[in-house]
Protein chains: 2
Amino acid sequence: MAGTKEILKRVSIDLFYKKGYFATSISDIARAAGIQKSSIYYHYATKEDILLDILRSTLADLIVTIERVLETTAGSENRMRQAILAHTLFHLDRQKEVIISDSELRGLRAENYKDIIKMRDEYEHRFQALIKDGMSDHIFQNGDFKIISYAVITMCTAPCWWYRPHGRLDKQAIAGIYTDFIMAGLTGNQRSTGAKSTRKGRR
Amino acid sequence: MAGTKEILKRVSIDLFYKKGYFATSISDIARAAGIQKSSIYYHYATKEDILLDILRSTLADLIVTIERVLETTAGSENRMRQAILAHTLFHLDRQKEVIISDSELRGLRAENYKDIIKMRDEYEHRFQALIKDGMSDHIFQNGDFKIISYAVITMCTAPCWWYRPHGRLDKQAIAGIYTDFIMAGLTGNQRSTGAKSTRKGRR
DNA sequence: GTCTATAGATGGATAGAC
DNA sequence: GTCTATCCATCTATAGAC
């Protein structure tokens with residue numbers, strides 16, 4: 001446990017988050033991990049491979065998280081609500097990694113880029129299906145479900161850019177506010193004034 | 001007109017947008033502008049200065065745009081609607097520059113960074129005031145106006161990340177969908193099903 | 001599996017001629 | 001205001017000893 005490869009991944013997440021992928025050098029990573037830079041190449045073939053490892057595992061975890069929520073929740077409105085909550089909370093829990101996922105895709109060469117985009121599209125399709133379901137059940141207002149899905153996802157990804165662990169609002173409160181706002185936009189109904197949002201089970 | 005400095009700025013916007021600030025070298029810029037890299041230093045002292053020039057002018061234009069809208073529009077609901085429309089359209093019109101503004105702030109050293117953040121905060125305060133106004137006029141649902149302002153701004157900034165000039169929807173249509181969605185979220189009222197949003201005057 | 005040493009390319013920036 | 005030439009730091013990655 002805590003093998004060198006895991007340490008390298010962890011310090012890379014920190015550095016890519018703080019300085020950005022391009023501004024982070026192999027030397028920076030080696031220094032942070034307490035080894036020589038040449039030793040990194042025993043674990044990762046290139047710097048890009050470190051980035052790829054971070055992006056893949058983050059996206060995979062995100063997809064698993066949403067899958068679990070959808071497996072245990074019924075009703076198009078409730079499914080959407082729980083999915084948004086889960087998405088927002090994941091982005092607050094895994095702040096550094098999702099920010100890297102959002103901003104460092106340019107560090108990938110074409111083949112790896114395509115791979116990651118495919119995973120991301122797979123995830124987004126789940127939200128598009130949820131919105132479509134809500135519309136055909138006449139619970140959500142009709143509209144361009146693809147555009148709306150982008151809007152919803154972007155919006156609920158955003159708090160990870162400004163959230164600070166000891167700030168005025170905790171993760172649950174932020175996720176609640178966002179979910180209420182989105183659900184109001186989707187249904188066209190009054191928002192519940194308090195953001196206490198009954199969540200089920202997980203976490 | 002079309003002086004070298006303007007050309008340098010224009011090709012830098014293209015390159016920073018396409019490859020990112022760090023991945024773009026002074027040589028890249030020189031090649032794109034058709035001059036030698038040393039000639040760049042007659043116009044800009046450092047690479048960072050090019051970035052700063054782009055960020056400053058983009059933010060300044062954005063602030064002027066929103067000011068003009070607010071000067072000529074009355075009523076808290078209508079002011080908010082027009083502000084959102086203007087914000088969204090600006091982000092679609094100036095796609096490359098706003099994407100740079102959103103993603104390349106890490107290229108700035110502390111003093112320049114503070115400068116730009118101050119301008120950005122100034123802009124965001126206008127939206128916070130609009131939301132506060134709408135809440136005290138009981139036209140918008142009560143809520144955390146600061147959080148809501150972040151949500152609104154992020155959401156209406158997002159289309160610039162996926163908009164393509166000859167895509168399925170034109171700028172006006174996209175801006176309409178987003179504005180309707182946001183206004184529904186703010187007021188808690190039914191959205192107008194069509195997104196034809198009566199806009200006034202400008203552009 | 002980690003080290004020392006270094007290759008080889010490229011980065012931003014400067015000097016000085018024209 | 002643009003050029004050629006070059007400095008020097010830093011970058012990713014490799015070679016080979018232990």
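Computation of the quantities below employed the complete heavy-atom set of this structure, encompassing side-chain atoms and omitting hydrogens, waters and symmetry-equivalent molecules.
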Starting from [atom2] on [N], measure out to [atom1] on [X] and report it in whole angstrom.
| X | N | atom1 | atom2 | answer |
| --- | --- | --- | --- | --- |
| Ile35(A) | dT4(C) | CD1 | P | 12 Å |
| Tyr44(A) | dT2(C) | OH | P | 13 Å |
| Glu48(A) | dC11(D) | CD | C1' | 16 Å |
| His43(A) | dC3(C) | NE2 | C1' | 12 Å |
| Ile29(A) | dT10(D) | CD1 | P | 17 Å |
| Ile26(B) | dA9(C) | CD1 | P | 22 Å |
| Ile40(B) | dT4(D) | CD1 | P | 14 Å |
| Leu8(B) | dG12(C) | CG | P | 14 Å |

Which residue lies more 5' along DNA chain D, comparing Tyr21(A) with Lys37(B) via nearest heavy atoms
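So the residue in question is Lys37(B).
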
So, is [X] close to the [N] phosphate, meaning a side-chain N or O under 4.0 Å from OP1 or OP2?
| X | N | answer |
| --- | --- | --- |
| Ser25(B) | dG11(C) | yes |
| Thr4(A) | dG1(C) | no |
| Ser39(A) | dG1(C) | no |
| Tyr42(B) | dT2(D) | no |

Per Tyr41(B) side chain, nearest of listed nucleotides dA13(D), dC3(D), dA13(C)
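Nearest to the side-chain atoms of Tyr41(B), counting from C-beta on, is dA13(C).
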
Do Asp61(A) and Thr58(A) have side-chain atoms, one donor and one acceptor, less than 3.5 Å apart?
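No, Thr58(A) and Asp61(A) have no side-chain donor paired with an acceptor closer than 3.5 Å.
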
Pairing of Arg56(A) and Asp115(A) as salt bridge, 4.0 angstrom limit
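Looking at Asp115(A) together with Arg56(A), the answer is yes, because their closest N to O distance falls below 4.0 Å.
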
With a non-hydrogen cut-off below 4.0 angstrom, is Ser38(B) in contact with a base, only sugar-phosphate, or nothing?
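Counting heavy atoms under 4.0 Å across all strands, the contact made by Ser38(B) includes a base.
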
Going by side chain to side chain contact (heavy atoms under 4.5 Å, CB included), Ile117(A) matches just one of Asn112(A), Leu108(A), Leu105(A). Which one?
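That would be Leu105(A); it is the only one of Asn112(A), Leu108(A), Leu105(A) passing the side chain to side chain contact (heavy atoms under 4.5 Å, CB included) with Ile117(A).
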
Exam field: side chain Lys47(A) to backbone Thr24(A), donor-acceptor pair closer than 3.5 Å
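Checked: pair present.
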
His91(B) ring center near Tyr178(B) ring center (under 6.0 Å):
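No, too far apart.
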
